[in-house]
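Numbered from 1 within each chain, the chains take letters A, B, ... in sequence-line order. All values reported here derive from a predicted model rather than from experimental measurement. Scope of the values below: all heavy atoms of this structure, side chains included, with no hydrogens, waters or symmetry mates.
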Number of protein chains: 2
Amino acid sequence: MVRTPTTPIYRVLFNNLKGQIDDGHYKKGDLLPSENDLCKLYSTTRPTVRQALSELARLGYIVRHHGKGSIVSEPKNGLGILSIKGSTAGVGKKNLQTKVLAKTAKTNWPIDFPYELTEAQRHAGCLYLSRLRFVNGLPTLYEETYITDIDLPRFTMHNLEKNSLFETLNKYHKVEIKEGEQKIWAVAADKAVSDLLSVKPGKPILHMKRSMHTNKSNLIIYSFLYCNTEEYFIQDYF
Amino acid sequence: MVRTPTTPIYRVLFNNLKGQIDDGHYKKGDLLPSENDLCKLYSTTRPTVRQALSELARLGYIVRHHGKGSIVSEPKNGLGILSIKGSTAGVGKKNLQTKVLAKTAKTNWPIDFPYELTEAQRHAGCLYLSRLRFVNGLPTLYEETYITDIDLPRFTMHNLEKNSLFETLNKYHKVEIKEGEQKIWAVAADKAVSDLLSVKPGKPILHMKRSMHTNKSNLIIYSFLYCNTEEYFIQDYF
DNA sequence: CAAAAAATCTTGTATATACAAGAACACAAA
DNA sequence: TTTGTGTTCTTGTATATACAAGATTTTTTG
């Protein structure tokens, strides 16, 4: 990216505040500076500040109270992107390991791909990877991901064992998840899945198919996952 | 839509457009009137119109395209409120019947209620109802709902077989769902659930626990559901 | 001292305006 | 015909301002 289009003020403010909440500078329950204070800090006006705060509220980072202020709430995996939670307590990052079974590689779209593809997507081809997630050493979630191979130079080089796919897409390719859809089933584990997740065949397994649109049209991400919900469950916020 | 002198312009516009999308006046793919046209129609200005359009976009009713306009998309059960979809085609309203097993009634909170309750909630007590949903005659979803009994006079009178719970809450009590959380498991059907959903015990069943906050603090809605995903699946948008 | 009232914080709603930038279309030039 | 190239739609970003209304604090009053 040679050309650097100026990022809007509201987005700079949004990113800064979001970062300060993520890194713990503002903690849950804290009151953000008032809109007028933020205006002075960023030399801008209330509508602009409010646009940033609206997006933070939409993602669940803050809750706004009329006459009081904006209160930081639990940072959530907004957008319906799912997280795994232990049945008793939250699972910290250190207890979550990722093993890449199939490294990111260029392939053709499967013939029986369950989503409709545009001509542009077909032409671009896709990147495929599969990962197995362990929670406290227990294989819990198997995920296959298909990413439309558009405008993602050298993407196969990234190490996705240590870093999150979405963080990587955002950080190095400025890809943001915008909207999506997910379908959910409870299925009986077949031979392949029961091997991967170390459960007996026939055990109830959570199965999901997800498609996610991004800020780049045609760059759509598909993810098919199987999750053992015996010890842990899947949780999302909206 | 009941218009009170205190209803903000942007909300009137939002409700009108949402209604026109819901009732099919605007169909999927249609282009809404431009922001300037809406300004003239409602004798207001662009920031106000844009506030209404932003909310419609946030709920997935429209997608906005820079330089082009606002395009109507599939009306979605935004906010992660789940809908049931057939595995081949969408399930129309006429194919979805609701049978109320336990009519809305005032009770005490269960002793083993899986969510933390505030003192105010405990004191207010709760309304309980349970419903079984049939898709094309097939019992598919069993749902138990607990509603904090705050500011809901004569709520037990409503007929929830024909009308949606959320529509009723909104229409008669001005309650809007704001944010929430859902936990998902795949479980084996026990005796009770297998009877309700007419499946063999042990069959994989989708189980969810959901809590939903509303525009009235302390009025929190809890819902516990079991879904047979053999023929149909659960789908949500984000 | 305690309760009521006022002042002053906060966010919510709204107007009016301006320019930037993407998309679509008409039209002239090659 | 095809290819640019403006013109004119559209939405995106931003400023400046005003008043309403909820929440909190300070001041006044009984």
Side-chain angles (χ1 to χ4, degrees), chain A residues 1 3-17 26 29-58 61-73 120 151 174 176 178-179 214-218, chain B residues 3-17 26 29-58 61-73 151 174 176 178-179 214-218:
Chain A
M1 295 258 277
R3 222 160 52 87
T4 320
T6 55
T7 28
I9 298 171
Y10 81 88
R11 185 137 295 276
V12 172
L13 175 52
F14 167 86
N15 284 329
N16 287 357
L17 290 173
Y26 292 118
D30 286 359
L31 211 56
L32 287 189
S34 78
E35 295 178 358
N36 282 319
D37 288 348
L38 290 171
C39 287
K40 286 170 200 152
L41 273 168
Y42 285 81
S43 307
T44 184
T45 54
R46 274 190 68 213
T48 302
V49 167
R50 283 178 66 78
Q51 191 166 357
L53 293 178
S54 290
E55 300 227 0
L56 283 172
R58 190 174 61 83
Y61 273 80
I62 60 173
V63 178
R64 306 167 83 184
H65 289 280
H66 189 177
K68 202 175 174 194
S70 295
I71 293 171
V72 176
S73 52
D151 200 19
K174 300 208 178 295
E176 284 172 44
K178 275 179 66 180
E179 52 184 1
T214 66
N215 54 337
K216 310 201 175 183
S217 69
N218 280 317
Chain B
R3 50 216 159 283
T4 28
T6 51
T7 309
I9 298 172
Y10 81 87
R11 185 139 294 276
V12 172
L13 175 53
F14 167 86
N15 283 329
N16 288 355
L17 290 173
Y26 292 118
D30 286 359
L31 211 55
L32 286 189
S34 77
E35 295 180 359
N36 282 319
D37 288 348
L38 290 172
C39 288
K40 286 170 199 152
L41 273 167
Y42 285 80
S43 307
T44 184
T45 54
R46 274 190 69 212
T48 302
V49 167
R50 284 178 64 78
Q51 190 166 358
L53 294 177
S54 289
E55 299 225 1
L56 282 171
R58 189 173 64 82
Y61 273 80
I62 61 172
V63 179
R64 304 167 85 186
H65 288 279
H66 189 178
K68 201 175 174 194
S70 295
I71 293 171
V72 176
S73 51
D151 200 19
K174 299 208 177 294
E176 283 171 45
K178 275 179 66 180
E179 52 183 0
T214 66
N215 54 337
K216 308 200 177 185
S217 70
N218 278 319

> Between atom CG in B:Asn36 and atom C1' in C:dA18, what is the gap in whole Å?
13 Å
> Could you walk me through whether B:Tyr42 and B:Asn16 satisfy the side-chain contact (heavy atoms from CB on, under 4.5 Å) test, starting with their C-alpha distance in whole Å, then the side-chain angles of each, then the deciding distance to 0.1 Å, before giving a yes or no?
CA-CA 11 Å; B:Tyr42 285 80; B:Asn16 288 355; 3.0 Å; yes
> Give a yes/no on whether any side-chain N or O of B:Lys68 is located under 4.0 angstrom from OP1 or OP2 of C:dA24.
yes
> With nearest nucleotide decided by heavy atoms, which residue, A:Pro8 or B:Asp37, maps closer to the 5′ end of DNA chain D?
B:Asp37
> Would you mind reading off the distance between A:Arg64 atom CZ and D:dA21 atom P, rounded to a whole angstrom?
19 Å
> Can you tell me if the side-chain N/O atoms of A:Gln51 get under 4.0 Å from OP1 or OP2 in D:dT13?
yes
> Of all the nucleotides listed (D:dA16, C:dA16, D:dT11), which has the minimum atom distance to the side chain of B:Pro47?
C:dA16
> With rounding to the nearest 0.5 Å, note down the distance linking CG in A:Leu41 to CG in A:Asn36.
11.0 Å
> Show your working on side-chain contact (heavy atoms from CB on, under 4.5 Å) between B:Leu32 and B:Tyr26 and close with a plain yes or no.
CA-CA 8 Å; B:Leu32 286 189; B:Tyr26 292 118; 3.6 Å; yes
> Measure the distance from NE2 on A:His65 to C1' on C:dC9 and round it to the nearest whole Å.
16 Å
> Could you tell me the separation between the NE2 atom of B:His66 and the P atom of C:dA23, rounded to a whole number of Å?
8 Å
> More than 12 foreign heavy atoms under 6.0 Å from NZ of A:Lys68: is that the case here?
no
> To the nearest Å, how far apart are B:Lys40 NZ and C:dA16 C1'?
16 Å
> What's the CD1-P distance between B:Ile9 and C:dA16, to the nearest Å?
10 Å
> Could you tell me whether A:Ser43 contacts a base, only the sugar-phosphate backbone, or nothing, with contacts defined as non-hydrogen atoms closer than 4.0 Å?
sugar-phosphate
> Do the side-chain N or O atoms of B:Arg50 get closer than 4.0 angstrom to the phosphate oxygens (OP1, OP2) of D:dG12?
yes
> Supply the atom-to-atom distance A:Thr44 OG1 to A:Leu13 CG, rounded to the nearest 0.5 angstrom.
8.5 Å
> Within the structure, does a side-chain N or O atom of A:Thr44 lie under 4.0 Å from either OP1 or OP2 of D:dT15?
yes
> Between B:Thr45 and C:dA14, is there a side-chain N or O to OP1/OP2 distance below 4.0 Å?
no
> Between P on D:dA18 and CZ on A:Arg46, what's the gap in Å once rounded to a whole number?
13 Å
> Roughly how many Å is it from CD1 in A:Ile62 to C1' in C:dG12, rounded to a whole number?
14 Å
